[in-house]
S.K.: 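Sending over a structure as structure tokens; questions will come in a sec.
Quick note: numbers below take in every heavy atom, side chains included, and nothing from hydrogens, waters or symmetry partners. Just so it is clear, the model here is predicted, and its values are computed rather than measured.
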Amino acid sequence: MKTIIRNFISVLRRFKMATILNILGLSVAFGAFMVIQMQVEYDRTFDTFHKDSEVIYRVDLQWEGDPVQAIFSRPMADAFARFSPHIKAGALTYPFCQETLFTVDRDGDKESYFEKSLTVYPSFTDVFRFDMTEGSDKALNEPNKILLPESLARKMFGSESAVGKVLEPRETHSMMAGLFDEKSGRLVVGGVYKDFPKNSIVENVIYKPMDEKENAHHWGNSSYYFYIRLDSPESAKELVNDFLAYYKKNDLGKNITWFKGGVNFRLVQLPDIHFTTDATYDSTPKADRQTLWVLVAIAIVILIIAGINFTNFSMALTPMRIKSINTQKVLGSPDSTLRFSLQMEAVCISMIAFLLALWMVSMLGKTPLALLVNAELSLAAHPLLVAVTAGVSIVLGLVAGYYPSNYVTSFPPALVLKGTFGLSSQGRMLRNVLIGIQFFASFALIIGAMFMYLQNRYMSTSSLGYEKDQLIVTNITQSVKDKKEAFANQLKSYSGIEGVTFASVLISNQDQFMGWGRELNGNNIQFQCLPVDVAFMDLMGIKVNEGRGFRKSDELASTGCYVFNERARSMYNIRLGDKIYGDEVVGFMPDVKFATFRTEVTPMAFYFWGNKPEMEENLSYAYIKVKAGTDLHAAMQEVKGALKNIDPDYPFYVRFFDEVLNNAYAKERSLSLLITLFSLIAVFISIVGVFGLVVFESQYRRKEIGLRKVMGSTTSQILVMFNKTYFRILLVCFVLAAPVAYFAIIRWLENFAYKTPVYAWVFLLAFLLVSMITILTVTFQNWRAANENPVDSIKTE
């Protein structure tokens with residue numbers, strides 16, 4: 001051990017920068033490996049912790065000719081849940097949580113909490129097993145009884161028992177845009193459950209029971225997720241076919257008068273829901289298995305690059321220690337002892353890098369970079385991963401030290417004295433191949449990261465068909481709806497506010513919105529409907545191709561009116577003046593991007609309801625247009641002030657519309673930043689490898705450099721000589737990496753309906769970037785050797 005420590009200190013003294021860079025490169029590689037594995041494990045084990053995960057399924061529905069949808073109607077779900085003895089429990093849930101301002105009485109003081117809640121069937125706790133700490137999971141069978149997660153119970157009531165405590169809901173905001181009329185009154189805590197892990201579709205929210213009468217006989221209202229628990233996985237094989245037979249036998253189709261085609265169903269096992277991306281109206285958290293494999297591959301590539309660097313670094317030390325080792329051999333030290341000592345030295349360096357990586361990961365969890373991953377970055381939460389990474393560091397040290405230790409002890413003294421053992425063609429070929437693997441990975445990762453950035457930029461800067469700049473949006477409460485005109489007038493009194501309008505949704509921030517099925521001219525039409533205020537289209541700058549938009553006089557009409565997009569017009573042959581259940585088609589507009597770029601533009605309409613005050617329940621958001629040149633932050637303060645005047649206690653979420661668009665692509669942006677970060681790590685480690693290899697080459701070729709200087713070569717000529725070798729390697733690696741990166745990018749872009757072009761300049765820029773960094777590294781390291789006194793170089797050789 002003393003010999004190992006002494007050798008390491010000697011190496012550190014002689015090659016301080018190279019040693020520190022190599023240890024840093026190894027530690028970054030180990031840290032990246034752990035972070036990637038934490039994220040992969042988070043997604044891979046999504047919902048697998050549930051006791052009955054293998055027998056819990058979501059039931060998806062498909063109308064003939066339409067894509068699969070994740071939402072169900074209540075009577076259809078009830079019929080499905082009852083028809084087979086293999087179904088042990090079935091439950092419906094809302095697709096979205098509601099955000100509610102609750103008031104809690106604490107010793108006579110009223111405290112407010114803005115929390116998420118979800119309305120479910122009472123049987124939800126029979127499908128998903130809740131681990132209760134207080135009360136009973138059957139509490140949802142009683143009216144107005146609710147379940148709280150343990151974390152929220154402690155937040156609201158501290159160490160007191162939460163059971164029996166009362167929550168007064170004051171205002172509910174839902175992404176369902178008023179589809180559900182909730183007037184639940186006071187809620188009583190009936191039970192407290194242990195928090196579920198983050199990687200689950202079962203959220204840690206307040207669970208409320210669904211009203212028994214809500215849409216109980218409305219076969220046309222597909223607005224719920226439907227889950228079932230079976231007696232065994234084998235029962236799922238024929239369950240759909242059995243229900244279709246039951247459906248036909250009992251003529252359930254008679255209840256679906258608006259649709260003439262057939263219907264089908266699909267069972268999605270609970271752990272697979274996280275990876276199922278082909279269902280419409282599916283808001284559950286998503287991941288892509290292909291992306292997970294890409295991340296795993298990146299982690300392995302980074303480790304390989306680090307291992308190659310470590311090998312090259314150990315090889316670079318050969319000129320320094322060859323004579324010392326030769327002396328020990330002459331004095332009787334066996335080769336096996338010398339090799340073991342060198343390998344243990346490599347293992348020690350690798351373990352030092354591993355310990356540094358643990359510190360890096362623990363610090364990462366306290367930085368904004370932690371937001372790029374969903375997984376818990378605490379080392380205590382991943383003891384097995386820490387142990388595995390420790391094992392990987394030992395194995396990497398052994399593998400990376402094996403070849404250099406055998407190489408440096410394999411030469412007879414006579415060859416050592418000649419000083420030519422490091423320049424064999426086989427040795428040079430091996431080193432070039434190793435560094436080539438690093439360059440290949442660097443090119444592929446950088447090209448991929450750049451196209452991910454371009455796609456994100458394309459989605460955030462492309463024309464959406466409406467004016468998105470100078471726009472502030474906020475959620476609104478019933479109090480604001482009741483004083484809508486006063487709210488708008490107060491804002492317009494501020495000179496910087498151009499106009500105010502209202503809508504049911506935040507456009508362009510979801511993949512799908514509310515779908516309506518209607519009959520027109522004897523045919524069924526399906527379109528996404530966005531109820532908006534009469535001034536919405538004008539304020540957003542949405543043009544009308546034919547007919548007209550909404551106008552003030554429509555507020556007095558007893559019927560509503562539609563403005564359809566061109567896609568709906570061409571698909572269903574809709575004409576101006578057509579009536580849909582009494583509501584008139586008054587205009588057609590271009591195909592604005594009302595949903596995200598992940599989906600193609602589908603049939604869609606803006607809808608204004610006329611003189612129907614009850615329809616204003618659909619208005620959940622206010623859009624405030626700010627005049628050009630106005631201080632946006634000052635305008636935002638005006639909006640917050642106006643909201644506070646109307647409803648001082650409600651925590652409104654006021655933001656710029658750009659933030660809405662950015663949040664819509666948060667997942668893609670996080671992945672892009674992760675890939676970029678790992679690409680930079682790969683480039684950094686590769687450059688460390690180049691640095692070590694240049695050290696190796698310059699040490700062996702000092703005599704050659706001296707002779708060339710004596711023969712009249714200039715410093716620039718010597719630097720060009722060294723750089724030519726690496727430039728050729730770069731060129732070969734780029735030619736190999738570019739097609740691989742191109743194929744990977746094409747596959748990734750398939751996830752988007754609208755995508756950035758595959759630019760050739762990106763490939764060229766990646767080549768220039770890596771080449772420039774490499775050439776600068778080679779030049780920097782060889783500058784001193786090229787400027788040494790040639791007499792000193794020749795004498796030392």
S.K.: Decide if the gap between the ring center of Y224 and the ring center of Y121 is smaller than 6.0 angstrom.
M.R.: no
S.K.: I need the single residue from T596, I507, L506, L464 that forms a side-chain contact (heavy atoms from CB on, under 4.5 Å) with L661. Which is it?
M.R.: L464
S.K.: Which atom names give the shortest non-hydrogen contact between G135 and V163, and what distance separates them?
M.R.: N-CG2, 3.7 Å
S.K.: Are the side chain of S117 and the backbone N or O of I206 linked by a donor-acceptor pair below 3.5 Å?
M.R.: no
S.K.: Give a yes or no answer on whether the side chain of K286 reaches the backbone of T276 with a donor-acceptor pair at less than 3.5 Å.
M.R.: yes
S.K.: Mind checking what makes side chain to side chain donor-acceptor pair (under 3.5 Å) contact with D469, not counting sequence neighbours?
M.R.: none
S.K.: Verify, without hydrogens or angle tests, whether S283 (side chain) and P95 (backbone) share a donor-acceptor contact under 3.5 angstrom.
M.R.: yes
S.K.: Under a 3.5 Å cutoff, is there a donor and acceptor pairing between the side chains of N221 and S73?
M.R.: no
S.K.: Donor-acceptor pair, distance only, cut-off 3.5 Å: does the side chain of T630 make one with the backbone of K627?
M.R.: yes
S.K.: Taking the six-membered ring for Trp, are F196 and H50 parallel (under 30°), tilted (30 to 60°) or perpendicular (over 60°)?
M.R.: tilted
S.K.: When you measure from the side chain of R669 to the backbone of N662, do you find a donor-acceptor pair of N or O atoms at a distance under 3.5 Å?
M.R.: yes
S.K.: Is it the case that more than 12 heavy atoms not belonging to K138 sit under 6.0 Å from its NZ atom?
M.R.: yes
S.K.: Has the side chain of S123 got a donor or acceptor atom that lies under 3.5 Å from a matching backbone atom of G90?
M.R.: yes
S.K.: Is the ring pair Y466/F657 parallel, tilted or perpendicular, if the boundaries are 30 and 60 degrees?
M.R.: perpendicular
S.K.: Salt bridge between D126 and R229, side-chain N to carboxylate O under 4.0 Å?
M.R.: no
S.K.: Do F550 and F536 make the cut of ring centroids closer than 6.0 angstrom?
M.R.: no
S.K.: Just verifying a value: how many Å separate Q528 CD and M514 CE, rounded to the nearest 0.5 Å?
M.R.: 10.0 Å
S.K.: Looking only at side-chain N and O atoms, does E134 offer a donor or acceptor that is under 3.5 Å from a partner on S161?
M.R.: yes
S.K.: Quick check: are there more than 12 heavy atoms from other residues, nucleotides or ligands sitting under 6.0 Å from CD of E54?
M.R.: no
S.K.: So does Y94 get a backbone contact from the side chain of T119, meaning a donor-acceptor N/O pair under 3.5 Å?
M.R.: no
S.K.: Side chains of D288 and T277: do they bring a donor and an acceptor to under 3.5 Å?
M.R.: no
S.K.: Can we say R289 and D272 salt-bridge, meaning some charged N sits less than 4.0 Å from an Asp/Glu carboxylate O?
M.R.: yes
S.K.: Closest heavy-atom contact between S362 and W359?
M.R.: OG-O, 2.7 Å
S.K.: Does either side chain, that of S479 or that of Y650, offer a donor lying less than 3.5 Å from an acceptor on the other one?
M.R.: no
S.K.: Without hydrogens or angle criteria, can the side chains of D47 and H274 be said to hold a donor-acceptor pair below 3.5 Å?
M.R.: no
S.K.: Report the relative orientation of the aromatic rings in F656 and H633; use parallel for angles under 30°, tilted for 30 to 60°, perpendicular for over 60°.
M.R.: perpendicular
S.K.: Just verifying a value: how many Å separate R58 CZ and T93 OG1, rounded to the nearest 0.5 Å?
M.R.: 10.0 Å
S.K.: Between the side chain of R74 and the main-chain N/O of E214, is any donor-acceptor distance below 3.5 Å?
M.R.: yes
S.K.: Please say whether more than 12 non-hydrogen atoms of neighbouring residues, nucleotides or ligands are located less than 6.0 Å from NZ in K198.
M.R.: yes
S.K.: Any donor and acceptor pair, going by atom type alone, linking the side chain of D195 with main-chain N or O of E150 inside 3.5 Å?
M.R.: yes
S.K.: Angle class for the F124/Y227 ring planes (parallel below 30°, perpendicular above 60°, tilted otherwise)?
M.R.: perpendicular
S.K.: With distance as the sole test, does E115 use its side chain to make a donor-acceptor pair with the main-chain N or O of V205 at under 3.5 Å?
M.R.: no
S.K.: Using a strict 4.0 Å threshold on nitrogen-to-oxygen distance, state whether K110 and E168 make a salt bridge.
M.R.: no
